[in-house]
Structures are given as C-alpha cells and as structure tokens.
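These notes concern the structure reproduced below.
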2 protein chains.
Amino acid sequence: MPEEHHPDHAPLELEHFLPYRLSILSNAVSQAIADDYQRRFDLSMTEWRVMAVLARFEGLSAREVAERTLMDKVAVSRALAKLVESGWVTRATHDGDKRRSVLGLSEAGWSVHEVVAPMARTHERELLAKLDEEERAWLARILDKLLSGSF
Amino acid sequence: MPEEHHPDHAPLELEHFLPYRLSILSNAVSQAIADDYQRRFDLSMTEWRVMAVLARFEGLSAREVAERTLMDKVAVSRALAKLVESGWVTRATHDGDKRRSVLGLSEAGWSVHEVVAPMARTHERELLAKLDEEERAWLARILDKLLSGSF
DNA sequence: TGCAAATGGTTTCATATGTAACTATAACGT
DNA sequence: ACGTTATAGTTACATATGAAACCATTTGCA
C-alpha cells in the first residue's frame, strides 16, 4: 500500500492543508513588512497600499483606488481620511462631477513612498532568496494560474 | 536593453509584488471556505482551526492548541469559550495541574467536523484543479521552503 | 423639465482582534 | 516552608474591520 488514503472526513492536518499554509505564509510576510513601515511612519497596510497605487496612477478617484487595491470602499475612505490628514495624499474635487475626488501623493507623500517602496522590495527579495531561479519561475507561473479567473 | 530595470524607489506595482499576490490569494481562498462553514454552523475561521486541531489531538491544553494553530492564546481562549458554549468542545481540568484545561471534541463537535472537513478539502481540491501535476509538486516544494525556518 | 434610480463617498453600529493587565496555580531557589 | 518567578488562561480596553444606512450628486428617461 504505497499511498495513504485519507477519507474525506478524517481529521484535517492543518500543516498540510494548502489554504492554511498560504494563510500562514502570507500573514507572516505581510506582517513583517507592515511592522517595518508602521514603526517608521505609523502607516497601516491598507494605507500603504493606497499610497502605492497613487504613486503609479495620479488622479484616481477613491472608487478607482478601491478597484486597484481590491479593498472595499469603506476601507479606502478611512485610509484616505488618515492620509490626507497626515499630509501625504492630496484630495481635490473632480471638475464636472462633484461626487468624485481626485487623489494624488503630495511632496511629503512621495518622500514617504521613496523610503517605503525599497523597504517592501527588500522584504520581497529576502523571501525570494529562499528559492532558486527555477523555483521562482514556477512560483510566478503558479500564482498567475491560481489568481486567474476569480480575481 | 533586454530587461527593464526598476529603480528601488520606483512606484511599486502591486499586481507583481509577491507579498501582495500571496495576500490576495490567501484571503480569497480562506474567505471562500470560511463563508461556507460560517453560513452552516456560525463557525469562525479561528474556531474551525481549533476544532480541526482537537480532532487530531485529543486532550490538548489551550496553550498547546495555540501552538499548533499558530494563533495567540487570547484568540484561542475566545474561540474555546464559544465552542464550549456551543457544545462542540468539552473542557475539563487537568489532573495535577489545575491551571490547564483538557480539551476535546464532543459528539456534536465530531459531527460538525465530519461535515466541515470534507467541505474544506473540496475547496482545496478546486484550487489545486487549476494546476497540473507538475505544478502541484513544485508548489508543495516551494511552500515548504518559504515556510521553513521562520515558522 | 422633473423624478426615480444609480453612483461616489462618509458615517454609524456591531463585531473582531491585539496588547496589556490581571487571577489562579505551580515551580524554583534558598 | 516561603517568597519569588513563571505559567495557563481570562478579562479589559483600545483599535480595526465590515455591513448597512446615509447624504450628495449625477444619470436616465417619461
């Protein structure tokens, strides 16, 4: 009997259960990065994600930020409130549609970005350093597939 | 110039940033599963993880549950309060150490487990169905490496 | 036009989560 | 034995998060 057969109702072995493993890994990695910029800038993960997307796409509305970050609009609204308050994000009203905001990084926001982006990349590099070139390529391909469709 | 060079401070492209991709994938997967058993049993993810580990290891203490699930002791304490209240987990006091509890699934708890464990496995299978055999093998190997050490 | 429905965004409320303080018991060193 | 320190677990408080209600504006259409 070369293989073990687990009946469907057998106790779940969390440490071999893919969703659990993904969750542990993802939380550990994200938390390590977040701790880093939290300490330096009192910036939450959601706030940083908003800044990252505004660094790439100047002039987005809050809804567009929500789409790009896959966050819900309430989370974005709150993050923006804090970022505008901190002076890192500028908010104006859209010409011709007074409902929409027009968002962007301020000078101060850009200088925060210039510190945090490299920090984030460094963490990513450290993680990827555990893999060899071939594994990195497979991982990219596998994540593409797993993320395709639903998201 | 065959390759693009991203200066370290260039805007971060979230959709290519490994920690972000892991987070999106992990949250989507875990949430899909959790929604499922939440609806049927009003069971949170932390509560289910506690039940899963008690299904495998009868008689653990709360601290041991926390170790095995990588949850902190407060989260475990709260999950247990609700699970004992629901009648799915039994709690006794350890002979010879009145601080420790001795935990296990009740009959009702086992029957919940018998429904939820297959649900969880089904979600895992659906996720893995997006990959071929070779990719699944690489994924397992890569996660082993990424999770090794720190966790 | 003008009114119903949709959209962008904020606020409210209820729940979840993390940190630190706390209680009870046990272990350790003298 | 006895006081100090450590451990198991819970409670309290402060903050984070999500769902639904809400306000303002705009769009669609009779």
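Just so it is clear, the values below take in all heavy atoms, side chains as well, and ignore hydrogens, waters and symmetry mates. The chains referred to below are lettered A, B, ... by the order of the sequence lines, with proteins before strands, and numbering in each begins at 1. Note that the coordinates shown come from a computational prediction; the quantities given were computed from them, not determined experimentally.
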Search all heavy atoms of A/P11 against all heavy atoms of B/A55 and return the closest pair with its distance. CG-O, 3.6 Å
Evaluate the criterion salt bridge (Lys or Arg N to Asp or Glu O under 4.0 Å) for residue pair B/R141 and A/E134; output intermediate values, then yes/no. CA-CA 12 Å; B/R141 173 198 170 84; A/E134 191 181 15; over 6 Å; no
DNA chain C: A/R91 or B/R99, which has the more 5' nearest nucleotide?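 Upstream on the strand: A/R91.
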With a 4.0 Å limit, can you tell me whether [X] has a side-chain N or O closer than that to the phosphate oxygens OP1/OP2 of [N]?
{"X": "B/R63", "N": "D/dA8", "value": "yes"}
{"X": "B/S77", "N": "D/dG9", "value": "no"}
{"X": "B/S101", "N": "D/dG9", "value": "yes"}

Can you pull the ring pair (Phe, Tyr, Trp, His ring centres under 6.0 Å) pairs that have at least one residue in residues 115-142 of chain B, sequence neighbours excluded? A/W138-B/W138
Could you tell me if A/S44 and A/R78 have a donor-acceptor pair between their side chains, going purely by distance under 3.5 Å?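 No.
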Between B/E133 and B/R136, does at least one N-O distance fall below 4.0 Å, as a salt bridge requires?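 So B/E133 pairs with B/R136 through a salt bridge.
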May I ask you to decide whether A/E64 forms a salt bridge with A/R68, counting only side-chain N to carboxylate O separations under 4.0 Å?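 Answer for the salt bridge query: no.
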Nearest-Å distance, [atom1] ([X]) to [atom2] ([N])?
{"X": "B/R78", "N": "D/dG9", "atom1": "CZ", "atom2": "C1'", "value": "12 Å"}
{"X": "B/D72", "N": "D/dT11", "atom1": "CG", "atom2": "P", "value": "15 Å"}
{"X": "B/L80", "N": "D/dA8", "atom1": "CG", "atom2": "P", "value": "14 Å"}

Is the backbone N or O of B/A10 less than 3.5 Å from a side-chain atom of A/R121, with the two atoms forming a donor-acceptor pair by type?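 Indeed, once roles are kept as given, a pair shorter than 3.5 Å links the two residues.
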Does any N or O in the side chain of A/S106 come within less than 3.5 Å of the main-chain N or O of A/G87, such that one atom is a donor and the other an acceptor?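 Yes: the side chain of A/S106 pairs with the backbone of A/G87.
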Name the nucleic acid region contacted by A/K73, choosing base, sugar-phosphate or nothing; use a 4.0 angstrom heavy-atom cut-off, strictly under. base
If you walk 5' to 3' along DNA chain C, what is the first nucleotide with an atom under 4.0 Å of a heavy atom in chain B, and what is the last? C/dT17 to C/dA26
Under the side chain to side chain contact (heavy atoms under 4.5 Å, CB included) test against A/L43, which residue among A/R49, A/K82, A/Q38, A/M51 passes?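 Testing A/L43 for a side chain to side chain contact (heavy atoms under 4.5 Å, CB included) against A/R49, A/K82, A/Q38, A/M51 leaves exactly one candidate, A/M51.
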Within residues 38-49 of chain B, those residues having any heavy atom closer than 4.0 Å to DNA chain C are none
Taking the nucleotide of DNA chain D with the nearest heavy atom to each, does A/R100 or B/V76 sit closer to the 5' end? B/V76
